[in-house]
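Remember, it's 1-based here, ligands and their atoms both numbered in the order they're listed.
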Amino acid sequence: SNLRVLLIAGGRSGEHEVSLSSARGVLAAMPHPTDLAVIAKDGKWLLGQAAQRALHTGSAEEGEHAFPPPIEWRAYAVAFPLLHGTLGEDGTIQGFFEILGLPYVGAGVTASALCMDKDLCKRVLAQAGIPVVPWVSFYRGDPVPPLPFPAPYFVKPANTGSSVGVSKVKTDQDGREALEEAFRWDRKVVIEQGLEGVRELEIALLGNIYAEPSVIGEISYQSEFYDYQTKYTEGLAHMRIPARIPAELEKRIRELAVAAYRVLGVRGMARVDFFLSQDGTLYLNELNTIPGFTPTSMYPKLWQASGMRYPELLDRLVRLALS
Ligand code: ADP
Ligand code: MG
Ligand code: MG
Ligand code: K
C-alpha cells in the first residue's frame, strides 16, 4: 500500500498511558506503512526513535518538540489521532488537521467536541428523543444546583474519559470530595442520577454519518462501578460478546446508537455505551469517538465478533478518512 499513515498517540490527558497501549496494537497490525508520533504529558512531541522509546516505556513525561512539531505533514495520506480525552478526542487536533487539509481517522471537529462534553452531548441526544440519564451541570464557582433526583448520584468532569475524575456518591455520603475531584479535571461538572444494579451494554459503529453497527457486548465487574482501575487492571472486568439480551433490546440498541451517531454527525467510528437499569429502562450513556483500541479492547473485539478482523478494521478506518 502507498497510503502512508501518521499515528499520533500519548497526549496530555489523564488517558496518556491508555493511548500508548492502544498504539502498540495498532502499529503491530496496521496494513499500511505507518510512522508514530507521541505527545508527551508536557504537550511536546516525540518523533522517530524517541517516539518508539516512549511506546515501549508506556509513558512519556517530557517531549522534545513544541507544537507544531517538525513533521512533513504532506508525506502522509491520513493522520490517525489515537488520543483519548482533552486535546485529542475533543475536536482540537481535528481542527488542526482540517487547517492542514490532512484527512484523519475518526470524527470531525463538532462531533468530537459534542461527544466529549457529557453535558452538551446529552442535551443534543435528549432533544432528538434519545433516552439519557437525568443530569444537571454547572461551572466551578456556581452554586451547586438542587438535584432533581435522590442519591446515589455520579459526579463527573464534563470532559474526560476512562472514568477519570468520576465518583459515585451514595445515599449517606457527602458529595464535596467528589465535586472537588471532578473540578480538578474540568471547569464544568455534571451530576447524574445513579442507576443501581445497572447493566452496561456497548456497541461499535463504523461509517461516515451512516453507521454500520456491530454485535453488542456487555461489561461486568465486581467493583462499585466501572472505574479507572477496573477498566485497566487485567482480570477486573469481564466482557461478554455477544451480550445475552433479548432480540428486541438488541434491535433497540442498534437503532438508538445509529440514530445518535447520525444526529451528532459522527464520522469514522464510535463505541456507543448504554445503561440498562434494573427496571428494564434503556439509556444511552455516551459515545466515545476514539475508543480504547488494543486488540483486546471492546471496540475491536465487537468487530471481530461481527466478522471483521483487527487489520481489516484499521484499513476500513483509513479508507473512511479518505472518503
Ligand atoms: P467515562 O467517559 O469516563 O467512561 P462514564 O459516564 O461512562 O464516563 O462513567 C464511567 C462509569 O461510571 C460507567 O461505565 C458506569 O460504570 C459508571 N456510571 C456513570 N454514570 C452512571 C450512572 N448514572 N449510573 C450508574 N453508573 C454510572
Ligand atoms: Mg467516555
Ligand atoms: Mg464510559
Ligand atoms: K465520550
- By side chain to side chain donor-acceptor pair (under 3.5 Å) - contacts of Glu196 (at least two apart):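 Glu196 satisfies side chain to side chain donor-acceptor pair (under 3.5 Å) with Lys168 only.
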Side chain [X], main chain [Y], donor-acceptor under 3.5 Å:
X      : Y      : value
Lys122 : Val133 : yes
Glu200 : Leu276 : no
Glu255 : Arg252 : no
Thr57  : Ser59  : no
Ser13  : Thr86  : no
Ser223 : Phe225 : yes
His238 : Ser220 : no

- Item | Steps toward ring-ring contact (aromatic ring centres under 6.0 Å, His included) verdict (Phe67, Phe96) | CA-CA 11 Å; Phe67 187 84; Phe96 175 67; 4.7 Å; yes
- Task: For Ala237 and Tyr226, work out which heavy atoms get closest and say how close.
- Result: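 Result for this residue pair: CB-CE1, 3.8 Å.
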- Query: So which heavy atom on Val215 is nearest to which on Ile203, and how close?
  - Reply: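 For Val215 versus Ile203, the nearest heavy atoms are O-CG1, 4.0 Å.
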- Using a distance threshold of 2.8 Å, what protein N/O/S atoms lie below it relative to the Mg ion (ligand 2)?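 Protein N/O/S atoms under 2.8 Å of the Mg ion (ligand 2): Glu286 OE1, Glu286 OE2, Asn288 OD1.
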- Apply the test ring-ring contact (aromatic ring centres under 6.0 Å, His included) to residues Phe293 and Tyr299: give CA-CA distance (whole Å), side-chain angles for both, the deciding distance (0.1 Å), then the verdict. CA-CA 7 Å; Phe293 223 103; Tyr299 185 86; 5.7 Å; yes
- Full working for salt bridge (Lys or Arg N to Asp or Glu O under 4.0 Å) between Glu286 and Lys118: CA-CA 7 Å; Glu286 61 162 345; Lys118 295 187 192 303; 3.1 Å; yes
- In the shown structure, where waters are left out, how many protein N, O or S atoms lie under 3.4 Å from the K ion (ligand 4)?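 Number of qualifying protein atoms: 4.
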- Query: Who's touching ligand 1 if we go heavy atoms under 4.0 Å?
  - Reply: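 These residues qualify: Lys118, Val133, Phe154, Lys156, Thr160, Gly161, Ser162, Ser163, Glu192, Gln193, Gly194, Leu195, Glu200, Tyr221, Phe225, Tyr226, Lys231, Phe275, Asn285, Glu286.
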